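Quick caveat, the model's predicted, so the values are computed rather than measured. Each chain gets a letter, A, B and so on, in the order the sequences are listed, and its residues count up from 1.
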Amino acid sequence: MRLRAQFGQTQRQVPRYPPEDGRHWLVRGAYWHVFGDTRWWLPLGERLRARLVTLLEAVTASQAPQHVAFPDVARADLASFADALTSLLEAHVPSYRHLPRCLLSHTGERLTAWVLASDPEAARETAAQIQGQWEAVLEGLGLPLFPGEGAEARWGLAPAAHGQEALRCPACGYAAPQPWATREKPHPEDEAPQPLTPVATPHASTIQALAEFLGIPESQTAKAVFLRTQESHPRLVFAVVRGDMQVSLPKLSRLLGGVGLEPADEDDIRRAGAVPGYASPIQVHDAVVVVDDLIPLSPNLVAGANREGYHFTGVNYGRDFQADMVADIVAAQPGDPCPHCGRPLEAVLAWPVTHSRGLATDVTYLTPEGKAATVGVAVADVDLAWAVAALAEHARVEDGLAWPPMLAPYDVHLIALRGGEEIAEAVYLALQDEGLTVLYDDRKASPGVKFTDADLIGLPWRVTVGKRSLKQGGAEVKPRQGEAEIWPLEEVAPRLRAWYAEHRDDAA
RNA sequence: CGGGGCGUAGCGCAGUUGGGAGCGCACCGCGUUUGGGACGCGGGGGUCGGCGGUUCGAGUCCGCCCGCCCCGACCA
C-alpha cells in the first residue's frame, strides 16, 4: 500500500486520551478515528482487526464453526434477545441430529461464538473452552489477562490504565467487573421476630441520619431504591438492599429481562403508595419488588413506614412484605469480602475483553429416545475494540507502537528518501514478490515526518532507501526496537521473508 | 424527571467595563529546507447552538428553547 494514497492521517495530538491509554496510540497512528461515541476503524485499523479475527477464528477449527450473521447484541442485552433466539432454535433445532453446532458471527466490534449443545452444561463448557482458546491467542500476542466471574458469566479481563473498574481478590484470584462482582454476604444470627412498630424519626430521611438517630448500625436498616423501566409502558421497580449496601443496576436489569432502568421521580414513588425519604416495601402496590437475597435472612430491620417522619422497627421479610423476586442484586465494593475466601476485594482497572455465558432457553428438541430435552445455548465473545485497545497499550513503546509480527497490519514499512525513490520502487516490488505485505511511504514529506509516522504505526520492520543508505551500500533495515543495519539491496526481501517464515506460523 | 456543567473555525480552546471575532493544531499557495513531526511569507475557513429582549452597539447582559456531558438511591 502506498502511503501517498492511504486514507488516514497520523495525529500530533489526541486531546481525548492520555498517553498511557492504548487508545491514544491507536488514534495517533491513524488506526482509529473517534468522534463522540463513534469509532471508525480506518484502513490500518481494519487490517489489524482482520488479522486478529483471522487468528481468533483459526483456533476454533476443532469446533467446526459455521459462519452466520446474527443481530449485534450488546452483552448486557442478551437477556432481551431471548425471544428471537427461541424462534431461531424452534425452527432449526428440532432433534438431536442437529446438535451440536458452533456458529461464528463477526459483527462490527465483536466476534461471537454461539454454541448449541445437547444440554446447558455442555454448551457452557464448550463456550468456556472456546473462550480459553481465544485467551491463549491474546496472551500469545502479549496481552495479559486475568479471569473474572460473576452473574453466571466468565470474563477475561485485561488490565488497562483507563479501563473499567473491576474487583479482584489478591488472595485467591477471584475477579469480576465491578457491577457483576459478588461479595460474601453476612449470616445474621437468628432472632425472634419482633412486632412491627412505628417509631417517629423526624428529619431522618437518609440511611445515615436514620442510623445515627436510632443508634443502630446501617446494616440493620433496609434501603429502598425506586427505578422505572425504560419501556413503552414503564414499570416501577422497587429494589431493596440492606442499608449498608448498594444496588447493582446491571444485575437488576438482567433479572428484569434486560430492560433499561432509570431513577423514578417522586410522583412515580407516591403513585405506588410510598413516601420518598420514608419509603419501604411495606404496602406498596403496582410495583415490581426485588429484594436482595440477604434481606430474607435479616430479622428485625428498620425500614420506612411510608408516612412522613416515621419508620418501622421489627420489619421481617415474609411476614411484613413479600417480593416478586429474590436474588443477589448488590454491587460489591472495594474492601468487601471475597465470595470465595472472604479476604477484602481490591479495585483494579481493566477491560473485559473476553466473555462467555450460558443463555437460558426453554426450547426443547427430541432425543434419540424420543423424549424432549432442553437445548443448551451458550455464547463466547471477544470485544475486538477493547482487545485491540488493550493490545495497543501493551504494544506501546516510548515513541509509538510495536506490534507483534502476527498482528501487525503490514509486514514491512518501506520509506523512500531523497535520492532513493527509484530504487525504493524496486524494493517495494521485490518485497511483495516474496509474499510480504508492505506499507510504502512514497510521500513528498521530510524524513522526520516519515520516521515519526513509522514509529507511530509500529510495524515490525522499517526499510529506508535514500542517498545516505545507498552510499553505504544498500538499504537501511531496522527492527522496530533494534539497531539499524545496512543490507545489500538484493538481500532485503529474501532475508525479511525468511525472518517472517520463522516468526509467523500462519500462511496468511 | 430534578440538580450542576458545557455549546465560539475540521479538532482542542481563549475571549471582564458591552465596541477588533481570536490562539494552537490541521488545511491551501509560493519559496527555502531534506536522515527524526522544518522555516518564512501569503491565504481560505464562523449563523459565537437557536429565537426573542435590553442597548447607538451583544460572543459578552436578560428570558425562553434546543443539543451534549456529569450527578441522581434513605447517595454526604
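Nucleotide B:G45 is matched to nothing when pairs are restricted to Watson-Crick or G-U wobble geometry with both distances under 3.5 angstrom. Pairing of B:G18, defined by two Watson-Crick or G-U wobble distances under 3.5 Å, is not identified with any nucleotide. Nucleotide B:U32 forms a Watson-Crick or G-U wobble pair with B:A38, both donor-acceptor distances falling under 3.5 Å. Remark: B:C51 base-pairs with B:G63; criterion is Watson-Crick or G-U wobble with both hydrogen-bond distances under 3.5 Å. B:C74 makes up no base pair with any nucleotide shown, lacking Watson-Crick or G-U wobble contacts both under 3.5 Å. The base-pairing partner of B:C68, taking Watson-Crick or G-U wobble contacts with both distances under 3.5 Å, is B:G5. Figure legend. B:C25 is base-paired to B:G10; pairs are counted as Watson-Crick or G-U wobble with both atom distances under 3.5 Å.
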How does each nucleotide of nucleotides 4-15 of chain B score, in 5' to 3' order, for protein heavy atoms under 4.0 Å: base (B), sugar-phosphate only (S), or none (-)?
--------S---
What one-letter contact string describes nucleotides 69-76 of chain B from 5' to 3', where B marks a base within less than 4.0 Å of any protein heavy atom, S marks contact via sugar-phosphate atoms alone, and - marks no contact?
----BBS-
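When the C1' atom of B:A38 is taken as reference, atom NZ of A:Lys444 falls 18 Å away, rounded to whole Å. Nucleotide B:G35 holds its P atom 16 Å from the CG atom of A:Leu414, rounded to whole Å. Atom CG in A:Asp399 sits about 12 Å away from atom P in B:G37, given to the nearest Å. In this structure, the CG atom of A:Asp442 is 17 Å from the C1' atom of B:U34, given to the nearest Å. In this structure, the NZ atom of A:Lys467 is 12 Å from the P atom of B:U33, given to the nearest Å.
The stretch residues 448-461 of chain A touches RNA chain B through A:Gly448, A:Val449, A:Phe451, A:Thr452, A:Asp453, A:Asp455, A:Leu456, each having a heavy atom within less than 4.0 Å of the strand.
Between the side chain of A:Gln322 and the backbone N or O of A:Gly318, at least one donor-acceptor pair lies under 3.5 Å.
B:G22 and B:G52: their P atoms are spaced 26 Å apart (whole Å). Spacing between B:A58 and B:C48 at atom P, rounded to whole Å, works out to 12 Å. Taking atom C1' on both nucleotides, B:C27 is separated from B:G19 by 32 Å, rounded to a whole Å. B:G4 and B:C51 are spaced 26 Å apart, taking the P atom of each and rounding to whole Å. Comparing the C1' positions of B:U17 and B:C74 gives a spacing of 49 Å, expressed to the nearest Å. As rounded to the nearest Å, B:A9 and B:C1 have C1' atoms that lie 37 Å from one another. Comparing the C1' positions of B:A76 and B:C23 gives an interatomic distance of 41 Å, to the nearest angstrom. One C1' atom belongs to B:G29, the other to B:G67, and the distance between them is 38 Å to the nearest Å.
A donor-acceptor contact under 3.5 Å is formed by the side chain of A:Arg462 with the base of B:G36.
Using a 4.0 Å heavy-atom criterion, one finds that A:Arg28 contacts the bases of the nucleic acid, with or without backbone contacts as well.
Relative to the six-membered ring of A:Tyr278, A:Arg307 misses at least one condition, a distance below 6.0 Å or an angle of at most 45° to the axis.
Considering only side-chain N and O atoms, A:Thr464 lies nowhere under 4.0 angstrom from the phosphate OP1 or OP2 of B:G35.
Considering A:Pro193, A:Pro296, A:Ser298 as possible partners of A:Tyr317, the one that fulfils the side chain to side chain contact (heavy atoms under 4.5 Å, CB included) test is A:Pro296. Screening A:Glu425, A:Gln6, A:Arg4, A:Arg2 for a side chain to side chain donor-acceptor pair (under 3.5 Å) with A:Tyr440, the sole residue that qualifies is A:Glu425.
The side chain of A:Ser446 sits closest to B:A38 out of B:G35, B:A38, B:G37.
Residues forming a ring-ring contact (aromatic ring centres under 6.0 Å, His included) with A:Tyr174 (at least two apart in sequence, or on another chain): A:His340.
In this structure, A:Thr452 and A:Gly448 approach most closely via the heavy-atom pair OG1-O, 2.7 Å. The heavy-atom pair separating A:Gly314 from A:Asn316 by the smallest distance is O-ND2, 3.0 Å.
Ring centroids of A:Trp41 and A:Trp32 are separated by less than 6.0 Å, placing the two rings close together.
A salt bridge links A:Glu476 with A:Arg462: the closest approach of a Lys/Arg side-chain nitrogen to an acidic carboxylate oxygen falls below 4.0 angstrom. Salt bridge annotation for A:Asp453-A:Lys450: absent, with no cationic side-chain nitrogen under 4.0 angstrom from a carboxylate oxygen. Remark: A:Asp286 does not engage A:Arg271 in a salt bridge, criterion side-chain N to carboxylate O under 4.0 Å. At a threshold of 4.0 Å, the pair A:Glu149-A:Arg357 does not count as salt-bridged, since none of the basic side-chain nitrogens sits closer than that to a carboxylate oxygen.
Between the side chains of A:Gln164 and A:Gln178, no donor-acceptor pair is found at a separation under 3.5 Å. A side-chain donor from one of A:Thr437 and A:Asp411 sits under 3.5 Å from a side-chain acceptor of the other.
The shortest distance between side-chain heavy atoms of A:Tyr31 and A:Leu42 does not fall below 4.5 Å.
For residues 388-404 of chain A, the salt bridge (charged side-chain N to carboxylate O under 4.0 Å, His left out) pairs, not counting sequence neighbours, are A:Asp399-A:Arg480.
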Every protein N/O within reach of nucleotides 26-32 of chain B N/O, cut-off under 3.5 Å:
| unit_1 | atom_1 | unit_2 | atom_2 | d |
| --- | --- | --- | --- | --- |
| B:A26 | OP1 | A:Arg12 | NE | 2.8 |
| B:A26 | OP1 | A:Arg12 | NH2 | 3.4 |

